[in-house]
Every structure is written in C-alpha cells, then in structure tokens.
Amino acid sequence: MPSALPDGEPVPDDGTLPAHALAGAASRPLGFYMHVPYCATRCGYCDFNTYTATELRGSGGVLASRDNYASTLIDEVRLARKTLGDDPRPVRTVFVGGGTPTLLAAADLVRMLGAIREEFGLAEDAEITTEANPESVDPAYLAALRAGGFNRVSFGMQSARRHVLKVLDRTHTPGRPEACVAEARAAGFEHVNLDLIYGTPGESDDDWRASLEAALGAGPDHVSAYALIVEEGTQLARRIRRGEVPMTDDDVHADRYLIADEVLSGAGFEWYEVSNWATSVAGRCLHNELYWRGADWWGAGPGAHSHVGGVRWWNVKHPGAYASALAAGKSPGAGRELLSEEDRRVERILLELRLREGCPLSLLRPDGLAASRRALAEGLLEAGPYEEGRAVLTLRGRLLADAVVRDLVD
C-alpha cells in the first residue's frame, strides 16, 4: 500500500499561504504537477499513492470515480489561483504523473491542462509532460494529447526482458514501449522519455544491456534509469522476505549504473542528474529541474506535494477524501511545514549535488568544506569545478552520491 504522509502543522481550510511565501515570487519559475492516482493493476514494487478499482470499491463512492476526476482536479487548480492571488507568473512546466494518467480519456488530460492555461496562462515555451503506460495509449490517443498542447511524453518501459517485467508485475509486452516512441514521434512529440529500472531480482548484466540497447534503438531523447528500491509493505518486499526471489545487492546496482552510463554516453546521451540522461539541454526534463533547484510548484491531486517560497505542503491521500474536501470548498491539504533557512540550505546541497552543474561550495559549513576536500582527494568530486567553487560529482562520486551528501551537509 502507499507509504504514509509526513507529519506537519495543519493547512488552513482556505489554503492561505504565509505572506513571505509569495515575496519575490515573480523571480522564480512556477510549475504544476497533476497527480492521477489510478492504475489498472498494482505493480509489485510500487508504494506510490495509487489505487486500483478493487482498492477503491466501496471506500470512496462516486467522489473517487475516475469519470469525475478531471473536474475534481480542476477545482484544485482554481483553488491554487485563489491561493496565489495576483501572482503574475505564467506556468513554466506541467507534469501529469501517477498512477497511470493515460487511464483517463485524452480529453480529460487536455481539459486539466486547459484549466491551468485559463487560470494562470502558460509560458510561451512551456514544457507539458504526461507519463503514460505503454498499453494504455494508441496513435489516436497520442495525437489528441499533442493537439491539446502536450509536447513531452514519458513511457514506463522498465525492462526489455519478459522475465524481468514479470517480477515487477508490469503488464506491457516487450517491444510495446519502443513502438510507443515511434507513435509519439508520428503524433508530433519532439521530446520523449523512457523510464528504466535496474537491479530487479533475476536480472543479469546481459538483460540490462539489452534493455538499454532496446531503449536507445527506439530513439528517445531522454532516458531515466533508476535502481530498484524494495519498499516495505509492497508485494515484492513480501516475496523477497518469503525467499521467492533474491534481493539485489548494492554492488550489483553499482555495476548496472556503470553499464548504463557507458552505454548511454556512448550513444550521445549526457548525464545531467544522477539518474537522468539527455541528448541535449533541450531534451532535459525542465519540470524535474524545478524540483532539484528548489523552485515553486503546485502539486494537485491526492497525496501530491507542493512548494512555494519555503512553504511545503501535501494533500490528503485518498481520492475520496480529496474530492470531499474540494466539494466542500476546502483545501485538500493534510499538513505543511515552513522551511527554515537552514532547511533550505541543506536541501539545496542534497538536490543540487546530484546535478551535472553541482552545488556551490559556499553552501557548505566548515565541517562540510573539510569533507568536500576529502571527497576531492578520494576522486569523488571533479577537480576543475572545485577550483571554480563548485562541488561536482565524478562518475565514482555518483555511485556514492548519498554518502557524499551526508558528509557535505554536516
């Protein structure tokens, strides 16, 4: 089941933000995340805030219905307009994630995007992305999205090997994600991502190379590659605990990451975040860069998280409770926290160190600076950028990114 929400102070019924949150807002980009919490089936490794029809039956009533969802989410977009007041910023990025957004009709996704355009306006060069399950789209669906304003699509490929997909409980057939890339290109999408997962129990190095090569053969301009994380409470965690499948260790994850970087770099992709590679700057996911750079974004939908001017909040998780709050004219926020300057400093290090440009050494305290010098000596940080005042991970540093970050935030 989905993981628990963090603790926090109550969100006002009308969603009002502290005055300081909007100070200087015009100088910061604004993005929108729209969460669609529905899935046809639950993947064995997933602990995202998603629900199958069976899981919702009898617990949310008509308010949790997929058929009504677009209208409910649009209500939150209108709440966002009221909350942000006369904020003049057009929206720079929109990302529709899930769950499986493409379980909704294409017209619903276009209508949700239209509400953002109507309430806020979209930047002239706005990046508009949706995630998609390969089995839930066809050429007509993709053409409808493109005509409705979407210009980037991200397909969940995960693996090209049938036995790996089976362990992950993925329902698409090998080869379908690659076909989706061609269909998206034919529909006019310039930017296409494929998501891959490495370290699945039973996956070999050859399986992983085959997945990378299949992804590259499809012709995306962006590839995301994530190590499998086995979350407690998931079906995969239970299977591992029962001894049905083996747990993959950290050394295997490191080997697979090196293979990914070798294959992707050899094909003209450049890493710009530890788990993301693109063929050009234009091919990067600008929406995710907003997260990594601490910009402002509004997360609409059950369990979605938002951040504006150092205030972070999160919505109630269940689609029924979410819809009920909005139907009553109230914010669906479940809790929030006001980030201190120290909180924001630490988060900048945590997030920016993962980027190709790294983080400024000026963010580090004395102990963190001493740790950065050790990391430089150990080959974990690049020498050239360090001399220019930035901490940038080497390839070896990327393998140990979490440990490097822990040392630098001291």
Side-chain angles (χ1 to χ4, degrees), residues 8-36 70-97 109-130 148-152 285-316 322 325-326 328-341 343-345 347-348 351-352:
E9 67 176 39
V11 174
D13 281 349
D14 62 0
T16 302
L17 291 170
H20 70 78
L22 295 177
S27 66
R28 304 189 300 266
L30 174 65
F32 244 91
Y33 172 75
M34 298 193 287
H35 186 66
V36 178
S71 295
T72 302
L73 189 137
I74 287 170
D75 286 342
E76 188 178 357
V77 173
R78 291 173 178 152
L79 172 68
R81 177 71 280 175
K82 292 178 182 177
T83 302
L84 297 180
D86 59 0
D87 185 333
R89 293 174 291 178
V91 171
R92 181 69 184 83
T93 68
V94 177
F95 194 105
V96 187
L109 298 187
V110 171
R111 193 155 60 93
M112 288 154 52
L113 174 62
I116 294 175
R117 183 186 291 111
E118 179 181 340
E119 296 292 341
F120 289 89
L122 295 171
E124 185 176 347
D125 57 348
E127 175 191 272
I128 316 294
T129 304
T130 186
F150 286 82
N151 52 30
R152 185 175 183 274
C285 180
L286 180 58
H287 184 81
N288 283 343
E289 287 191 309
L290 294 190
Y291 296 156
W292 298 324
R293 298 187 187 282
D296 290 351
W297 72 88
W298 189 290
H305 287 232
S306 303
H307 171 265
V308 173
V311 180
R312 182 162 50 220
W313 71 96
W314 45 91
N315 286 344
V316 293
Y322 170 77
L326 288 165
K330 296 180 179 180
S331 166
R336 75 180 186 185
E337 59 181 333
L338 277 58
L339 303 177
S340 67
E341 288 301 316
D343 291 334
R344 299 181 78 174
R345 181 191 75 86
E347 288 198 355
R348 281 194 64 186
L351 295 171
E352 291 183 26

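Both backbone and side-chain heavy atoms feed into the values below; hydrogens, waters and symmetry mates do not.
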Exercise: identify the closest heavy-atom pair between S331 and A325: O-CB, 3.9 Å

Do you know the tightest heavy-atom contact between E127 and L286? OE1-N, 2.8 Å

Pairwise side-chain contact, L113 with T130, heavy-atom cut-off 4.5 Å (strictly under): no

Test item: H287 and T129 side chains (from C-beta on) under 4.5 Å apart, heavy atoms: no

Could you check if a side-chain atom of Y322 sits within less than 4.5 angstrom of a side-chain atom of L73, using non-hydrogen atoms only? yes

I need the R293 CZ to R348 CZ distance, nearest 0.5 Å. 9.5 Å

Answer whether the closest heavy-atom distance between the side chains of R111 and S71 falls below 4.5 Å. yes

For residues 297-304, dump all side-chain donor-acceptor pairs below 3.5 Å to protein atoms at least two apart in sequence or in another chain.
from, atom 1, to, atom 2, distance (Å)
W297, NE1, H305, O, 3.0
W298, NE1, E76, OE2, 3.0

Would you say that N315 contacts H35 through its side chain, given a criterion of any heavy-atom pair below 4.5 Å between the two side chains? no

First locate atom CZ of F120, then atom CG of L30, and finally report the distance between them rounded to the nearest 0.5 Å. 6.5 Å

Closest heavy-atom contact between A126 and N151? O-ND2, 2.9 Å

Flag side-chain contact, heavy atom, 4.5 Å: D87 against R81: yes

Can you check side-chain contact (heavy atoms from CB on, under 4.5 Å) on H307 and Y291, steps first, answer last? CA-CA 9 Å; H307 171 265; Y291 296 156; over 6 Å; no

Once rounded to the nearest 0.5 Å, what's the spacing between atom CD of E289 and atom CG of L351? 12.5 Å

Between D125 and R92, does the salt bridge (charged side-chain N to carboxylate O under 4.0 Å, His left out) criterion hold? Intermediate values first, please. CA-CA 8 Å; D125 57 348; R92 181 69 184 83; 3.3 Å; yes

Between the side chains of T72 and D75, is a donor N or O closer than 3.5 angstrom to an acceptor N or O? no

Side-chain contact, heavy-atom cut-off 4.5 Å: E9 with L338? yes

What is the minimum heavy-atom distance between F95 and C285, and which atoms define it? CE1-SG, 4.3 Å

Looking at CG of L122 and CZ of F32, how far apart are the two atoms once the value is rounded to the nearest 0.5 Å? 10.5 Å

Evaluate side-chain hydrogen bond (donor to acceptor under 3.5 Å, both in side chains) for R336 paired with S306, printing each intermediate quantity in order. CA-CA 9 Å; R336 75 180 186 185; S306 303; over 6 Å; no

Locate the shortest heavy-atom distance separating V311 from A21; write the atom from each residue and the value. CG2-CB, 3.8 Å

Within the 4.5 Å heavy-atom criterion, are T83 and V308 side-chain neighbours or not? no

Shortest non-hydrogen separation from A123 to P90 and the atoms involved: N-CB, 3.7 Å

To the nearest 0.5 Å, how far apart are CZ in R312 and CZ in R344? 10.0 Å

